[in-house]
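Below is one structure, written out as structure tokens; the observations come after it.
Only this structure's heavy atoms are used, side chains among them; waters, hydrogens and symmetry mates stay out.
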Amino acid sequence: MSQKQRILTSKLIPGMIIAEDIYSLNGQMIVAKGNIVTEKLIVRLGFYSIRSVVIKIEEKAIEEVIPPTAQNTYSERIKKSKTFQKFENDFSNTTTIFRELVGDLVENDLTEEAVLEMTGYATDLFESIENNLEVFDMLHNMRENDDSTYAHSLNVALISSVIGRWLGFDKEDINILMMSGLFHDIGKIMIPKDILNKPSKLDEQEYTIIKTHTMQGYNILKSMDLDERVACSALMHHERCDGSGYPIGIDGSQINDFAKIVAIADVYDAMTSSRIYRGPICPFKVISIFEQEGLALYDSKFVTVFLKKIVNTYLQNSVRLSNGQTGTVILINNLALSRPVVQLDDGGYIDLYRHPEITIEAII
């Protein structure tokens with residue numbers, strides 16, 4: 001006989017069964033009870049900032065749905081390159097420096113000099129990569145372990161900076177975007193760890209405290225002689241264009257543009273990051289969710305550019321399809337960016353736009 005249990009959304013495993021209807025913060029039903037958890041559903045819950053859900057517990061069924069680790073031949077080629085090995089080492093060193101800097105904040109105020117110094121390390125890492133495609137090659141192949149808050153913040157900084165490049169920003173604005181992404185979650189250092197890491201459902205008061213990390217970050221950064229967009233990004237990166245976000249619930253016309261860019265990078269990185277029970281969600285699945293639901297939540301002038309550009313970074317990548325076939329992405333469908341044309345390894349081509357029953361399961 002199955003039982004009910006509330007678990008964190010981050011702990012969901014494909015194959016679990018939703019036991020209670022799930023509603024968004026503004027009361028819209030997102031998922032009805034009885035639905036089976038899929039990677040796509042997990043991504044969707046992330047879009048709506050759903051922290052926990054109630055599931056039916058059937059231990060044997062859960063164990064059976066954990067997929068075996070796939071052999072990522074494309075990833076193996078990247079990981080053997082000297083460029084990746086250098087990036088991985090530099091990334092690790094930069095994350096360590098960031099962790100130490102944030103640790104000092106417990107006893108001392110974060111200084112403007114420290115923020116600028118840390119941003120300099122991140123900028124050096126960003127500029128060590130020759131092109132935008134390589135940035136995502138590097139990040140995509142560093143997803144085997146759960147991202148720490150520090151690694152996630154560095155990822156968001158790098159992705160935000162790439163978006164800035166794609167939008168034609170000058171070097172000064174890209175540096176501000178780097179800083180905005182790097183410190184967007186700095187307010188979490190002020191949240192009690194027993195709340196931040198609580199494995200069970202947060203009560204209303206605890207959830208209210210979690211949401212204050214945006215204001216806490218704003219308060220830390222606003223007193224410094226920094227570009228105001230850095231503090232605004234910390235404050236507004238959980239706001240959404242339809243007014244469903246927090247901490248204020250403002251709509252797109254009131255959200256700072258840099259905060260909108262950081263929000264896109266934040267969600268994309270969170271969704272494509274690894275979890276304990278699975279490898280990273282395939283970027284094409286995340287892109288699909290952005291296409292279906294992201295235009296209402298994120299500014300179209302930013303998210304449209306992001307989607308068109310990000311999908312092109314995966315051209316010529318080897319992929320595994322949901323029907324078991326493998327092949328290479330050779331052409332992007334502008335009408336459905338997540339459904340490209342794939343040249344199959346066993347001969348022939350498949351246009352996923354014309355075959356909605358088939359999806360890209362993984363980059364290999």
Side-chain angles (χ1 to χ4, degrees), residues 67-103 117-166 171 174-175 177-179 181-183 185 265-266 268-284 286-287 309-320 326-329 345 360-364:
T69 302
Q71 182 181 7
N72 295 318
T73 56
Y74 180 80
S75 295
E76 288 174 355
R77 293 198 299 271
I78 294 295
K79 290 176 181 177
K80 289 179 181 179
S81 71
K82 292 182 179 179
T83 300
F84 175 80
Q85 291 167 8
K86 181 180 185 303
F87 180 87
E88 185 177 34
N89 182 67
D90 292 345
F91 187 98
S92 177
N93 290 338
T94 304
T95 302
T96 299
I97 293 168
F98 188 34
R99 183 184 294 108
E100 292 173 353
L101 182 150
V102 173
E117 180 183 3
M118 186 60 232
T119 303
Y121 285 116
T123 299
D124 288 344
L125 180 65
F126 179 61
E127 293 181 347
S128 70
I129 303 298
E130 294 183 359
N131 58 60
N132 300 326
L133 186 150
E134 280 195 344
V135 171
F136 285 94
D137 270 347
M138 300 302 104
L139 294 182
H140 180 73
N141 287 284
M142 292 179 62
R143 302 298 203 182
E144 292 184 349
N145 300 311
D146 285 350
D147 281 346
S148 69
T149 297
Y150 310 101
H152 168 66
S153 293
L154 184 52
N155 290 344
V156 171
L158 294 172
I159 295 171
S160 296
S161 299
V162 172
I163 296 174
R165 277 182 181 173
W166 286 336
K171 186 173 182 179
I174 290 176
N175 285 339
L177 260 180
M178 175 71 73
M179 193 181 303
L182 193 61
F183 290 94
D185 266 347
D266 180 35
Y268 184 81
D269 184 67
M271 294 300 100
T272 56
S273 293
S274 184
R275 294 292 183 267
I276 293 173
Y277 55 83
R278 60 155 172 81
I281 296 174
C282 176
F284 283 96
V286 179
I287 291 167
K309 294 290 188 178
I310 189 69
V311 75
N312 279 296
T313 67
Y314 296 109
L315 273 172
Q316 302 305 315
N317 276 222
S318 301
V319 295
R320 184 178 68 252
T326 57
T328 303
V329 176
D345 291 340
I360 295 177
E361 289 293 303
I363 294 175
I364 60 176

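- One finds the CZ atom of F136 at 12.5 Å from the CG atom of N317 (value rounded to the nearest 0.5 Å).
- Residues that satisfy the side chain to side chain donor-acceptor pair (under 3.5 Å) test with D90, not counting sequence neighbours, are K86.
- With rounding to the nearest 0.5 angstrom, the CD atom of E88 is 10.0 Å from the OG atom of S81.
- Here the closest non-hydrogen pair linking S160 and A265 is OG-CB, 3.4 Å.
- The distance from the NZ atom of K82 to the CD atom of Q85 is 8.5 Å, given to the nearest 0.5 Å.
- Summarising the geometry of A151 relative to T95, their closest heavy-atom pair is N-CG2, 3.9 Å, with the distance given to 0.1 Å.
- Put simply, the side chain of S128 gets close to the backbone of L125: a donor and an acceptor are under 3.5 Å apart.
- The shortest distance between side-chain heavy atoms of V329 and Y314 does not fall below 4.5 Å.
- Shown here are the side chain to side chain donor-acceptor pair (under 3.5 Å) partners of T96, two or more places apart in sequence or in another chain: there are none.
- Note that CD1 of I310 and CZ of F284 are 9.5 Å apart. Values are rounded to the nearest 0.5 Å.
- At least one side-chain heavy atom of L154 sits under 4.5 Å from a side-chain heavy atom of T94.
- Taken to the nearest 0.5 Å, the OG1 atom of T119 stands 5.0 Å off from the CZ atom of F183.
- Between S161 and M178, the shortest heavy-atom distance links the atoms OG-CE, 3.3 Å.
- Between F84 and F91, the distance separating the two ring centers is not shorter than 6.0 angstrom.
- Side-chain contact between I281 and T272 is absent, with no heavy-atom pair separated by less than 4.5 Å.
- In terms of heavy atoms, S153 sits closest to L182 at CB-O, 3.4 Å.
- Applying the side chain to side chain donor-acceptor pair (under 3.5 Å) criterion to D124, with sequence neighbours excluded, gives no partner residue.
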message: Between D345 and T326, does the side chain to side chain donor-acceptor pair (under 3.5 Å) criterion hold? Intermediate values first, please.
response: CA-CA 6 Å; D345 291 340; T326 57; 2.6 Å; yes
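- Across all their heavy atoms, M138 and I129 have their closest contact at CG-CD1, 4.0 Å.
- A 4.5 Å side-chain heavy-atom check between D266 and H152 finds at least one atom pair inside the cut-off.
- Considering every non-hydrogen atom in both V156 and D269, the closest pair reads CG2-CB, 4.3 Å.
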- request: Evaluate the criterion side-chain contact (heavy atoms from CB on, under 4.5 Å) for residue pair L139 and L158; output intermediate values, then yes/no.
  value: CA-CA 9 Å; L139 294 182; L158 294 172; 4.0 Å; yes
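- Atoms CG and CD, from N175 and E127 in turn, are 7.0 Å apart once rounded to the nearest 0.5 Å.
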